[in-house]
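Each ligand, and each atom within it, is numbered from 1 in the order the structure gives.
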Amino acid sequence: MKAKSRSYQHSTEMLAGLRAGLGAGCAAHGLRGHRLAHSRTTEKLQREYDAVVIGAGHNGLVAAAYLQQAGLRTAVLEKRHVLGGAAVTEEIVPGFKFSRASYLLSLLRPQIYTELELQRHGLRVLPRDPYSFTPLLEDRSPPRSLLMGHDMAQTQRQIAQFSQKDAQAYPKYEVFMGRLVSAINPLLDAPPADTAALGQGSLLQRLRALWPLLQAGLALGRQLPHFYEVLTAPISKILDHWFESEPLKATLATDAVIGAMSSPHTPGGGYVLLHHVMGELEGRRGAWGYVAGGMGALSQAIARAAATYGAHIFTEQAVCRVLLGSDGQAQGVVMQDGTEVRSKVVLSNASPQLTFLELTPQERLPEDFVRRIQQLDTRSPVTKINGGCFVAVSHSSRPMIELCIPSALDPGLAPPGCHVVSLFTQYTPYELAGGQPWDEKARNAYADTVFDCIEAYAPGFKVSVIGRDILTPPDLERIFGLPGGNIFHGGMSLDQLYFTRPAPSYSTYQSPVPGLYLCGSGAHPGGGVMGAAGRNAAQVVLRDFRRLRWQR
Ligand SMILES: Cc1cc2nc3c(=O)[nH]c(=O)nc-3n(C[C@H](O)[C@H](O)[C@H](O)COP(=O)(O)OP(=O)(O)OC[C@H]3O[C@@H](n4cnc5c(N)ncnc54)[C@H](O)[C@@H]3O)c2cc1C
């Protein structure tokens, strides 16, 4: 990195302006929605559709694309000025384009690439190989580091610096994890087993409801107890079983704590780890990469697919309320100025908390359901820092930091000679000790702590930074609508997955309100840029829609 000095002041002022400009929620925006620039014509928001999707996160856009493709007239209403939710590209520092929230792609379900023809709609991915570099602060010269990539022999040589035994074990560990992932993969692409169906019908019908789980169990075979252990044990125990060297274990353990207010010693971290190795990129399992143009380019590609099928997609359209008929059925949505947009079904890409605690009349929901949504665990440790650089508290004093420089592979993100840096950091609570607010002072103090840590490994880093965007949990909540700042719309702990996401008996995208569905990360299979919730929800809606039409 080449170093040049500039003050941070400019970025702080600019960000304050930006936040003021965005507004928050309904009060800020009326019905002056902007049609997606690249869509066919300049249609206005109509008063009636078959389906309305609240929110244009990538899941909402995926759901809209499938619904419209199947022939449902679909509108997507997004409250922000930009599409994509937590999968966006924003120019926070002039001339520098940031994947402002999510920044790495792997988890997007492979069917979605092909079924929505995302490549044709402009998606280009830039695989990362090597994919991980763990530098060590050591007294020896030069200090060692661990570089891991898809060349297994090369990765084994890297691991062997620390342990020959681990170098031998690593390919076996990869095969073991790969088997677990292959076995549970089909569970991601379908709604969870419908527990209501278990209590009725013939034995065969009941078994059919359990079929996805049985299939996964059969695929695991004799590995089932090992899978059970990975799911339930602390990841430190699993990694101690396989390996002895700390740099390797620390590198692998990171995937088990991403986005979770837990440590590698917390039971149940194994699922979070599996969740982060279950993706693939260009056919390579577990590979991660950047989206050319930033994560927003993925959302744009999905939006383009949806618009090509005929969906209407609007930004700056905040939904205030789900409209319910006297029969309790969802009938559309109500906008800020009281205008109603009617529809036969409503899908919400917003979090379960926003959907059921703010947008749905409480008296129309079962008390027990409301309590469950209120009690969802949304604790989140994540603070994201986006920085542009000239390159060549009660929070963690030595934070966990994942540093990426996407412009190394995608130079168009920054002006010539410059880079964008993404810092995904943990652990920062939503509320600081003693109730101290996350004001500018506290945020800058935390960012300085992070920068000091990086400086120790990469001298000159600090003075190279010309602007930074600090997103603490309250910022993530306010800007992106992520409850508690939780990057997954709710913790991915075992008690909040599959049958119970977001609540027991409501895991199949339907809600207590007929015609109102969840289609975002708060539903199965959870967070990450996967598109699975949007695709699965669309399947359920289409099935119900056909049944509804047939009955009428
Ligand atoms: C800092 C950070 C880093 C991350 N890194 C990664 C990563 O590298 N890779 C990865 O795979 N995942 C990552 N994630 C997780 C991933 O980004 C999210 O889980 C995923 O993008 C959520 O998608 P979604 O479509 O379900 O919901 P969201 O993206 O949250 O979309 C919901 C949308 O609904 C809109 N909305 C809410 N209320 C209303 C309303 N009343 N009216 C209209 N619109 C409304 C919101 O504005 C938003 O656009 C990260 C997340 C964060 C925050």
Side-chain angles (χ1 to χ4, degrees), residues 22 24-26 28-29 33 52-64 75-88 98-108 255 258-259 275-276 278-279 281 288-291 295-296 298-299 302 314-322 333-336 346-355 358-360 380-386 402 404 406 422-426 469 471-473 475-483 485-490 492 518-523 525-534 537:
L22 288 177
C26 297
H29 306 297
V52 162
V53 180
I54 304 172
H58 81 285
N59 269 315
L61 293 168
V62 164
V76 184
L77 307 172
E78 165 58 45
K79 73 174 179 184
R80 290 198 70 207
H81 67 294
V82 55
L83 298 177
V88 278
F98 296 95
S99 291
R100 198 175 182 197
S102 59
Y103 52 103
L104 285 172
L105 188 70
S106 169
L107 305 175
L108 189 73
D255 277 338
I258 288 283
H275 195 81
H276 284 97
M278 65 180 39
L281 211 56
W288 289 79
Y290 298 117
V291 175
M295 219 45 158
L298 168 69
S299 302
I302 303 169
F314 301 88
T315 54
E316 298 187 69
Q317 287 286 14
V319 168
C320 283
R321 188 160 53 85
V322 176
V333 295
V334 183
M335 315 301 294
Q336 166 69 19
V346 176
L347 289 80
S348 178
N349 182 196
S351 68
Q353 293 83 341
L354 284 178
T355 305
E358 293 191 18
L359 301 180
T360 312
S380 176
V382 176
T383 285
K384 174 94 188 291
I385 304 174
N386 299 301
E402 184 172 272
C404 294
S422 154
L423 301 169
F424 185 94
T425 76
Q426 294 185 190
D469 170 33
L471 300 171
T472 63
D475 296 317
L476 292 170
E477 182 175 66
R478 182 172 42 82
I479 297 168
F480 296 103
L482 300 168
N486 191 292
I487 70 168
F488 302 132
H489 285 196
M492 299 278 290
L518 275 186
C519 68
S521 299
V529 182
M530 301 182 87

Fill in the blank from the handout: Under 4.0 Å from one or more heavy atoms of H489, ligand 1 contributes atoms 26 (O), 27 (O), 28 (P), 30 (O)
Practice task
Say whether W288, considering both its backbone and side-chain N or O atoms, lies within less than 3.5 Å of an N or O atom on ligand 1.
Solution key: no
Problem - Heavy-atom gap A318 to ligand 1 smaller than 4.0 Å - result: yes
Exercise for the section: Would you kindly specify which portion of L77 sits under 4.0 Å from ligand 1, judged on non-hydrogen atoms: side chain, backbone, both or neither? Expected result: backbone
Practice task
Check whether any N or O atom of A86, backbone or side chain, sits under 3.5 Å from an N or O atom of ligand 1, and answer yes or no.
Solution key: yes
Problem - Numbered atoms of ligand 1 (with element) below 4.0 Å of Q317, judged on heavy atoms - result: 43 (C)
Problem - Side chain to side chain, T315 and L83, heavy atoms closer than 4.5 Å - result: yes
Practice task
Kindly confirm or rule out an N or O of L482 lying under 3.5 angstrom from an N or O of ligand 1.
Solution key: no
Completion exercise
Quick note on ligand 1: atoms under 4.0 Å from a heavy atom of G57 include exactly 25 (O), 29 (O), 31 (O), 33 (C), 49 (O)
Handout entry: contact_flag G481 ligand 1 heavy-atom lt 4.0 Å
Key = no
Exercise for the section: For ligand 1, note which part of E358 has a heavy atom under 4.0 Å away: side chain, backbone, both or neither. Expected result: neither
Exercise for the section: Would you mind listing which atoms of ligand 1 come within a distance below 4.0 Å of any non-hydrogen atom of L104? Expected result: 7 (C), 8 (O), 9 (N), 10 (C), 11 (O)
Problem - Check: F98 main-chain N/O paired with N386 side-chain donor or acceptor under 3.5 Å - result: no
Practice task
Examine F424 against ligand 1 and note whether any of their N/O atoms are separated by less than 3.5 Å.
Solution key: no
Fill in the blank from the handout: Within 4.0 Å of some non-hydrogen atom of G85, the atoms of ligand 1 are 29 (O), 31 (O), 48 (C), 49 (O)
Exercise for the section: Report yes or no: does H58 contribute a side-chain atom to a donor-acceptor pair with the main-chain N or O of M530 at less than 3.5 Å? Expected result: yes
Problem - Part of K384 with heavy atoms under 4.0 Å of ligand 1, whether side chain, backbone, both or neither - result: side chain
Handout entry: Any side-chain heavy-atom pair of L347 and L518 under 4.5 Å
Key = no
Practice task
Using atom types as modelled and distance alone, determine if a side-chain donor or acceptor of H275 lies under 3.5 Å from a backbone N or O of G527.
Solution key: yes
Handout entry: Audit row: F480, I487, side-chain contact (heavy atoms from CB on, under 4.5 Å) steps and yes/no
Key = CA-CA 9 Å; F480 296 103; I487 70 168; over 6 Å; no
Exercise for the section: Ignoring angles and geometry beyond distance, decide whether V319 reaches within less than 3.5 Å of ligand 1 through its nitrogen or oxygen atoms. Expected result: yes
Practice task
Please indicate whether any nitrogen or oxygen in R80 is less than 3.5 Å from any nitrogen or oxygen in ligand 1.
Solution key: no
Completion exercise
If we number the atoms of ligand 1 from 1 as shown, the ones under 4.0 Å from a heavy atom of G527 are 19 (O)
Handout entry: Side chain, backbone, both or neither: the part of L107 lying under 4.0 Å from ligand 1 by heavy atom
Key = side chain
Problem - Short N or O distance, L359 and ligand 1, threshold 3.5 Å exclusive - result: no
Problem - A87 backbone acceptor or donor facing S299 side chain under 3.5 Å - result: yes
Handout entry: For I54, atoms of ligand 1 separated by under 4.0 Å from a heavy atom
Key = 40 (C), 42 (N), 43 (C)
Exercise for the section: Please indicate whether any nitrogen or oxygen in L476 is less than 3.5 Å from any nitrogen or oxygen in ligand 1. Expected result: no
